[in-house]
Structures are given as structure tokens and as C-alpha cells.
Amino acid sequence: MAGYILRRLAFLPLTLLIVALATFIVLRLTGNPVDIFLDINRTPEQVTALTQRLHLDQPLPVQFLIFLRDLLHGDFGESLQFSGSAAGVVWDRLGATLQLAGAGLALALILGIAGGIACAVWRDRAVDAAISSIAVAGQSMPSFWLGILLIEFFALQLHWLPTSGYGDLRHLVLPAVTLAAILMPNFTLITRTAVIELMSEQFVVTGRSKGLSRARVLATHILPNAVNPVLSFLGIQIGTLMAGSIVTETIYAWPGVGRLLINSIGHRDVPVVEASVFAIAIIIALSNLVVDVLQMLIDPRIHRG
Amino acid sequence: MRQRRLFGKRFKIIFGGGIVLVAVLGAIFAPLIAPWDPYQQDLLARLKPGFWSPRAVAGHWLGTDNYGRDLLSRLIYGSRLSILVGVASMLLSAVVGSVAGVIAGLRGGATEQAIMRFADAQMAFPDILLAIMMVAALGGNALNLILVLGISRWMVYARVVFGLTRSLRERPFVEAAKLYGGGDFYIMRQHILPQVMPVLTVVATLQVAQMILQETALSFLGLGLPPPAATWGNILAEGNTRLFVAPWIANSAGLAIIVLVWGVNMLGNGLREQYDPHGLGR
């Protein structure tokens, strides 16, 4: 158990190394960094400062090693639009992003799994048809438009909730619902399939034939076994969750890492762009680790082979 | 994954295909159909609602935006970029992904490990984050959007084609071709591609919908073609800042996106039921 977690932890630096390489290639090698990072009105001093900071006068492998060394120290450089280090700026926004992502994920899991179970239990009936259709339609819905519709209805028409911004719980409702709507259809459909497949398993049939009620079999035989497919799907969806969070934060002016990333691109604040990308990559890698460990705790057969 | 079939596959193919066909024809013949020049400003007719309102200005069926530009014309022109980027980036990722998948499937061993583990790693990384980084570095124009979105999704095809190739590799006709001295490229062209084509078509159709969503999302985030370009994402982003005075701007762009994506998805699902009833392309 501990050994497995340690082995998985050992892969973490490898994942981050790949992210580092991708960031380096994308932001340093796709053109002259001076042109990418500085706009037309640049001064010679700015060019010199950037050349020194990125060590552009060194050979590429050396540049990459220096880049890695700075990464290890969490040193992305000073932010160009805010005062302070880029890592610090990102760190300050991390809480808001985790809050939004956590609320959105919890909502998507609860509603999605409940909907999927309802679909499977009343399979091919009206309930199933209604929920499944909504779920399939939800997959075509661009989240940014859904967010706008929610603002129009709940904020501008009904005045129940604020249009955007950060503050008390009322500010969290619409962003969390928007983010949850991205993931919910998939969770519904996955849960539905998992439960339906388990229903024809022998141990379920046996349970029913020895006189257990449907509800009892569902609770003790089916649901514990349906947790794993849903969990492994959750692992895949963490990336989608973080991507959705970037869009959602932008719609609702939510002061998280995603909105910071988009703003920093607009301001050519490259240190903050790099730090934001890394923060998101680390969140994804750590979440995947947690999901893997949870899966192993629930079903030890998985990693024994 | 079995889903209740509300409509038959023929209905889906015809209806979804019909929506796609109308959108494609509209995009091709945009200059003939659009009632106005999408960039022509009319500051006296700013933010006018469409036909549903008594304040409507004659000739502007869907109303006007903040500069008095005709919304319907901008939406018709906007479909050009969405469809072009959606289809072209799908083709790029399909070609790259299929070739990678076939090579991994045929060669096996270290080649397979290298290609498929790389695909896994990229799968875990959100594609839009990669796209955001690349557009930020390269700048937003149609060609870059196609490149960026194409690269961000190749592994979807690689995985499907890899799985199919590995099962085909053991089949007698492929082994026979190998014994006769057929090279990888020959086997791929003659034996693998014709077999995976139906599944590939289904996956590719559904991916076009994803690509269109990604393109509009990038535009919405301000990373697509810069304003005043008439793209659906740009119109939506502009509308987002005027929700209180002119909600129809954002709504009409959102509706255009969802109708096209829904049509493509329906066509793809209909094709799947027709050509891939066992769900191999999942």
C-alpha cells in the first residue's frame, strides 16, 4: 500500500518534467521569445532584461536546464502586471479555483450519480428517457453559453443571485452549477451503464433470487461495485474539470488561476502564464494520484497484478 | 454504452446531416445570403433588437450589435471560421492520430510504448490548456487554430486505431500480407485503413463537434481571431458584456453554436448506429 503510493509519487516529477518540456517548447521555441513576450512598443532595456532573464544568449539545452533549475525553486520570475513573484500571485488565486472546482465536482458527482442510478433503475421508462436525453443534449451545450443563460435568468431577470464576482456563498452558486453542468452528463451516462451492466451479474441475480428486495440488492451488491468505474472515469475527467474552470472563471469574473491565466496572456505576463499552467498541471497530477489510491483502497485487486 | 433510442438512425442521419448541410451551404455562399456586410457599422442603429420587438429596425432580422452591425450577417459569416477550423483540425488530428495508432499497433514493443504512453500523458492534460498556451505563443489566426486544435486531439484517433490495428494484426490476411513481404505502409493502406475507416468516420464526425466547441471557446476567451472578426465566439464574448441591454447578441450566437454542434452530434450518433453498432469507436 505505502509502497504503491510511493511508486506513484515517484512518477509525479516525471509528469511535471513533461509539462515543463511542453511549456518550454511552446513558449520558447515557437518563435523569438522577445517577439512573443514583448509588444511593439518595447524598449531596448526591456529586451536586454528579458534576454538576461530567459538566458537567451545560452544554447537551448542550457536554457532548458536553467528553466528546470528555476522551476525546482518555484521561481517563475517577477510578475509583469502585479507586484511580487509570479508564484506568489498564482498562490493567492489558488484558493478560489479549488473552491470552485470542489463545489462544481461535488455537485456534478451527486446529481450525476443520482441521475444515473435513477436511469438504470427505471430503465427504458419515462424517467430514463428524460434524464438520458437531457444528458445527451448537455454534451452539445457549450458551457460558456449555459453560463450566460444562467446569468440572464437568475441574475438579470429574477435578481436572485449576483451576476459575477467573488464573495459569499451566493456568488458561488452560478459558477458551480455551470462547471457541474460540464461534467454531469458524463457521470450520469457512465453510472447508468455501470449499474445496468452489474444488474445482470450472477451475484446480483443470486441476491434477488434468495429474496432480497430490489433496494437492498442495489445498496449492498450493485452500488459498491459501481464505485470503481465511476472513480476511474473521474480520474480522466479532472483535466476537463480544470479546463471548464478556466472558462467558468472567465464568465463570472471569478478570481481564480484560470482567469488569471487568460488575463496574463492578454498582458503578456509570461512568468504568471507559466506559473498558472504549472499550478493547473500539479492540481491535475495530484488529483489523479488521489483517485488512483482511492481506487486501490476500494478494490485491491486492481494493482496487485 | 446503450442509450435509449428516441429516434431511429435514419432520422438522425437525415436530420443531423440536413442541419450540417444547411450550415455548410450557408458558410460557402455567405456573400450571397447575408443581407448586410458583416463589418458595416451604423451608429444610428446600435443595439437594436430583432423581428420580435417593436423597436426593431427594418432589414435587421436578428437585430444589431454595439456598432450597429447586422447580427444575422455576422452569424452567417461566423459559421465560415467555425466550420473551416472544425473540419480542417479534425482532418489534421485524424491523419496524425491514425498513422501513429497504426504504427504503434503494427510494430508493438518499444514503439508502441513510446507512442501510446505519450498519448496517455497528453490525454491527462486538458487539451484547451495546451491550446491556450500555443495560441498565446503563436497568435490567433485560422491556420494556428487549426494546427493547435489538430495537435491537441490526435490521441483520440491514435487510441481507437491502435486498438483496432492490434486485433487486426493477428488476422490471417494481415499475416499473409506480412509473409509475402508487405511493408508497414502497404499493410496499412491495403488492409488496416479500409477496416478502420467506418469507425474512424464515426469518431471523426463526433470530433468535429468537439472542435467547433473548442474553437468557439478559444474565441470566447479572446484567443481566437481578434475583433472585429465575425466569429461565433467573438460575438458571444461581445454579447456577454452587454447582457443587460442586448441579450439577443449572446443568445443568437449561443443558439447558432448549439444547433450546429447538436446537428453534427446527431449525424455522428446516427452514423455510429449504422457503421459501428458494437461501439468499437469509444
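Throughout, protein chains are lettered first and strands after them, A, B, ... in sequence-line order, and every chain is numbered starting at 1. In this text, all values refer to a predicted model and were calculated from it rather than measured experimentally.
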Treating [X] as the side-chain partner and [Y] as the backbone partner, does any N or O pair qualify as donor plus acceptor under 3.5 Å?
X	Y	result
Ser82(B)	Ser79(B)	no
Ser245(A)	Leu241(A)	no
Tyr252(A)	Gly147(A)	yes

Side chain / backbone / both / neither for [X] at chain A, heavy atoms under 4.5 Å:
X	result
Ile212(B)	neither
Ile257(B)	side chain
Ala250(B)	both
Ile128(B)	side chain

Residue part contacting chain B, namely of [X], when any heavy atom lies under 4.5 Å:
X	value
Leu149(A)	side chain
Ser276(A)	neither
Ile148(A)	both

When heavy-atom pairs shorter than 4.5 Å are enumerated against chain A, which of [options] gives the highest number?
options	answer
Leu129(B), Asn251(B), Leu236(B), Val135(B)	Asn251(B)
Leu260(B), Leu130(B), Leu223(B), Thr216(B)	Thr216(B)
Val261(B), Ile258(B), Asn240(B)	Ile258(B)

For atom CZ of Phe118(B), decide whether the heavy atoms of other residues, nucleotides or ligands shown that lie under 6.0 angstrom number more than 12.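 Atom CZ in Phe118(B) is not crowded, with 12 or fewer foreign heavy atoms closer than 6.0 Å.
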
Would you find more than 12 non-hydrogen atoms of other residues, nucleotides or ligands less than 6.0 Å from Arg10(B) atom CZ?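 No, the 6.0 Å shell around CZ holds no more than 12 heavy atoms from other groups.
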
Where Asn265(B) and Ala209(B) come nearest, the two heavy atoms and their spacing: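 The answer is OD1-CB, 3.5 Å.
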
Residues Glu249(A), Thr97(A); criterion side-chain hydrogen bond (donor to acceptor under 3.5 Å, both in side chains); working and verdict: CA-CA 8 Å; Glu249(A) 285 175 12; Thr97(A) 292; 2.8 Å; yes

